[in-house]
*Asks:* 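Sharing a structure here in structure tokens format.
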There are 2 protein chains.
Amino acid sequence: MAEVPSGQPQGQSRQKVGRDGILDVAARLFREHGYAHVTLRKIAQAAGIKAGSIYYHFGSKDEIVVAILDAGIAVVHEQMHQAVSALPAGSGGATILRAAIRAHLRALLDFSDYTSANVRIFGQVPQVVRDANLPVRRAYEAEWDALLSGLQAQGALRADLDIRRFRLMLIGALNATLEWFDPDRGSADALSDTYADIFLDGILTRTGGQT
Amino acid sequence: MAEVPSGQPQGQSRQKVGRDGILDVAARLFREHGYAHVTLRKIAQAAGIKAGSIYYHFGSKDEIVVAILDAGIAVVHEQMHQAVSALPAGSGGATILRAAIRAHLRALLDFSDYTSANVRIFGQVPQVVRDANLPVRRAYEAEWDALLSGLQAQGALRADLDIRRFRLMLIGALNATLEWFDPDRGSADALSDTYADIFLDGILTRTGGQT
DNA sequence: GTCTATATGGGGATAGAC
DNA sequence: GTCTATCCCCATATAGAC
């Protein structure tokens with residue numbers, strides 16, 4: 001993301017000092033390479049400092065990871081909430097869901113190294129780190145469940161749809177996109193529309209007309 | 001899976017000798033703990049041998065991993081192919097898709113430590129290992145694409161559905177289930193039906209009647 | 001706030017006895 | 001086929017100079 005000034009040694013970005021600079025480069029590295037392969041030495045090198053210096057800002061590697069995981073959920077939660085809140089009052093269920101899906105996918109694929117790092121490494125980190133990230137995860141999940149339950153109560157969603165199960169399926173499907181998304185084959189927004197088309201109406205040929 | 005005779009020391013299964021025994025325990029450990037956290041020492045301990053002995057059967061840790069990844073795809077590929085082939089001639093598109101989805105999810109959640117290990121660790125292994133697994137993956141993907149394209153040619157699926165993209169979405173969604181599936185909340189088969197319901201017909205309330 | 005130097009532990013892999 | 005013993009490397013983390 002940050003361009004490297006042309007005179008710099010390879011593999012070392014310009015100094016990104018301070019706690020936030022370290023988090024930024026660490027999030028990018030975790031996103032790209034996964035949890036285990038990213039060492040403090042590599043984070044330090046990418047930030048333009050030495051490994052020992054990291055301990056002035058953080059108490060442990062896991063402390064860095066927890067900060068990144070939490071920030072990743074915070075970003076996507078805020079984006080999704082904003083996107084839905086910004087819709088005109090009285091928007092239909094399909095419109096609301098499309099907006100929420102698009103916001104989630106944008107944060108994951110376009111915006112945020114923190115969100116994508118979260119999705120990428122959550123399954124790889126030690127249990128204590130996962131536990132530390134749980135509260136913010138639960139809050140985001142609750143936001144989705146509230147949204148979906150509201151739509152179901154309005155009659156926009158099938159009455160027999162299990163909200164929790166559908167939310168797990170939907171978020172799981174969206175997050176899995178990270179593994180194969182290629183911006184050269186289409187934008188995140190275009191992908192959002194395809195997801196929405198499929199989840200809202202399915203893939204079968206319709207005999208009767210439908211929204 | 002294998003019961004431990006009651007007199008055995010903790011953390012050590014009964015001897016599972018030979019190459020296949022090592023692969024079995026390694027697949028289970030990779031499934032449970034991910035790639036990086038499973039060491040040769042732990043595999044050896046679980047197999048009831050010492051770490052050095054593994055090198056009689058395998059040239060490296062990566063050789064073990066490649067064997068497990070390949071076997072994981074082979075199992076799910078075979079199961080899916082069998083399930084579809086076993087259907088009565090002239091089965092409808094919805095029936096065929098339901099059978100394929102069910103077979104995939106069964107292999108992943110009920111059957112095979114190899115398949116679930118593949119899904120769990122593929123994103124964590126070194127590039128050379130991923131590359132080695134690519135041919136069998138491509139073959140499985142081709143099986144799905146052929147199935148879906150055939151259904152689309154028959155008019156069972158929407159004509160504007162991008163097959164490759166849908167296949168990535170579907171397999172990604174099914175595989176993501178591994179992260180949250182809890183057999184106490186319902187069987188893999190029940191989950192398959194929910195997936196099929198959603199992907200085939202969507203989640204919106206239908207105004208007109210539909211299959 | 002960052003450096004150098006180092007303690008400590010664990011990993012994959014190899015050699016040779018049995 | 002499995003063992004013990006060991007090499008070598010790299011990880012996190014700490015201590016103290018600057």
Side-chain angles (χ1 to χ4, degrees), chain A residues 8-9 11-27 29-30 32-69 117 121 124-130 132, chain B residues 2 8-9 11-27 29-30 32-69 117 121 124-132:
Chain A
Q8 287 292 77
Q12 172 178 342
S13 348
R14 74 159 184 284
Q15 290 268 118
K16 298 201 62 170
V17 279
R19 186 183 160 98
D20 289 349
I22 292 170
L23 287 177
D24 281 354
V25 297
L29 291 174
F30 282 128
E32 291 170 355
H33 306 297
Y35 174 72
H37 290 76
V38 175
T39 65
L40 293 178
R41 286 172 169 80
K42 287 176 185 163
I43 294 172
Q45 188 188 13
I49 59 177
K50 300 294 178 182
S53 309
I54 291 179
Y55 286 87
Y56 176 80
H57 301 281
F58 300 93
S60 70
K61 178 179 180 179
D62 285 350
E63 194 177 312
I64 297 177
V65 177
V66 169
I68 289 172
L69 290 182
I121 71 176
Q124 310 176 17
V125 300
Q127 187 65 42
V128 280
V129 175
R130 268 201 291 272
Chain B
Q8 287 291 77
Q12 173 178 343
S13 346
R14 75 160 183 284
Q15 289 269 117
K16 298 202 63 170
V17 278
R19 185 183 161 97
D20 289 349
I22 292 170
L23 286 177
D24 281 353
V25 297
L29 291 175
F30 282 128
E32 290 171 355
H33 305 299
Y35 174 73
H37 289 77
V38 175
T39 65
L40 293 177
R41 286 169 170 81
K42 286 177 187 163
I43 294 172
Q45 188 188 14
I49 59 177
K50 300 295 176 181
S53 309
I54 290 179
Y55 285 87
Y56 177 80
H57 301 281
F58 301 92
S60 69
K61 178 178 178 179
D62 285 351
E63 192 177 312
I64 298 176
V65 176
V66 169
I68 289 172
L69 291 182
I121 71 176
Q124 309 175 16
V125 300
Q127 188 64 44
V128 279
V129 175
R130 266 202 293 271
D131 290 346

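By convention in this document, chain letters (A, B, ...) are assigned in the order of the sequence lines, proteins followed by strands, and residues within each chain are numbered from 1.
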*Asks:* Mind checking the NE2-CD1 spacing from H37(B) to I121(B)? Nearest 0.5 Å is all I need.
*Replies:*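 Rounded to the nearest 0.5 Å, the NE2-CD1 separation comes to 13.5 Å.
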*Asks:* Rounded to the nearest Å, what distance is computed from the CG atom of residue D62(B) to the C1' atom of nucleotide dG12(C)?
*Replies:*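 Distance, rounded to whole Å: 10 Å.
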*Asks:* Sort me out a list of protein N/O and nucleotides 14-18 of chain C N/O pairs below 3.5 Å, or just none if empty.
*Replies:*
none

*Asks:* Sorted by first residue and then second, give each side chain to side chain donor-acceptor pair (under 3.5 Å) pair with at least one member in residues 47-61 of chain B; sequence neighbours left out.
*Replies:*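 Pairs touching residues 47-61 of chain B that pass the test: none.
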*Asks:* Could you check how far CD1 of I64(A) sits from C1' of dA11(D), rounded to whole Å?
*Replies:*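 My rounded result for the distance is 14 Å.
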*Asks:* State which residues pass side chain to side chain contact (heavy atoms under 4.5 Å, CB included) with A27(B); sequence neighbours excluded, sorted by chain then number.
*Replies:*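 Listed in chain order: I68(B), D113(B), Y114(B).
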*Asks:* Tell me the closest heavy-atom pair linking V25(A) and A46(A), and the distance in Å.
*Replies:*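 Taking V25(A) first and A46(A) second, the nearest heavy atoms are CG1-O, 4.0 Å.
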*Asks:* With a 4.0 Å cutoff (strictly under), does any side-chain N or O of S53(B) reach OP1 or OP2 of dC3(D)?
*Replies:*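 The answer is yes; a side-chain N or O of S53(B) sits under 4.0 Å from OP1 or OP2.
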*Asks:* Please report, rounded to the nearest Å, how far the P atom of dT2(D) is from the CD1 atom of I43(B).
*Replies:*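 Those two atoms, CD1 and P, are 15 Å apart.
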*Asks:* Can you name the residues that form a side-chain hydrogen bond (donor to acceptor under 3.5 Å, both in side chains) with R19(A), not counting sequence neighbours?
*Replies:*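 R19(A) satisfies side-chain hydrogen bond (donor to acceptor under 3.5 Å, both in side chains) with no residue once adjacent residues are dropped.
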*Asks:* Checking R41(B) now: which residues fulfil side-chain hydrogen bond (donor to acceptor under 3.5 Å, both in side chains) with it, not counting sequence neighbours?
*Replies:*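 With neighbours one apart ignored, the set is empty.
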*Asks:* Please report, rounded to the nearest Å, how far the C1' atom of dA15(D) is from the NZ atom of K50(A).
*Replies:*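 Interatomic distance, NZ of K50(A) to C1' of dA15(D): 18 Å.
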*Asks:* Who are the side chain to side chain contact (heavy atoms under 4.5 Å, CB included) partners of A132(A), not counting sequence neighbours?
*Replies:*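 Applying side chain to side chain contact (heavy atoms under 4.5 Å, CB included) to A132(A) gives V66(A).
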*Asks:* At what distance, to the nearest 0.5 angstrom, does CD1 of I43(B) lie from CG of L23(B)?
*Replies:*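 Separation between the atoms: 9.0 Å.
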*Asks:* Is any side-chain heavy atom of I54(B) less than 4.5 Å from a side-chain heavy atom of I64(B)?
*Replies:*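 A side-chain contact under 4.5 Å exists here.
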*Asks:* Protein-nucleotides 7-11 of chain C N/O pairs closer than 3.5 Å?
*Replies:*
none

*Asks:* Can you tell me how far C1' of dT2(D) sits from CD of Q45(B), to the nearest Å?
*Replies:*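 In whole Å, dT2(D) C1' and Q45(B) CD are 16 Å from each other.
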*Asks:* Using whole Å, report how far CZ of R19(B) lies from P of dT2(D).
*Replies:*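 Those two atoms, CZ and P, are 14 Å apart.
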*Asks:* Measure from CD on E63(B) to C1' on dA13(C) and round the result to the nearest Å.
*Replies:*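 That distance rounds to 13 Å.
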*Asks:* Round to a whole Å and report the spacing from CZ of F58(B) to P of dG12(C).
*Replies:*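 Taking CZ of F58(B) and P of dG12(C), I get 14 Å after rounding.
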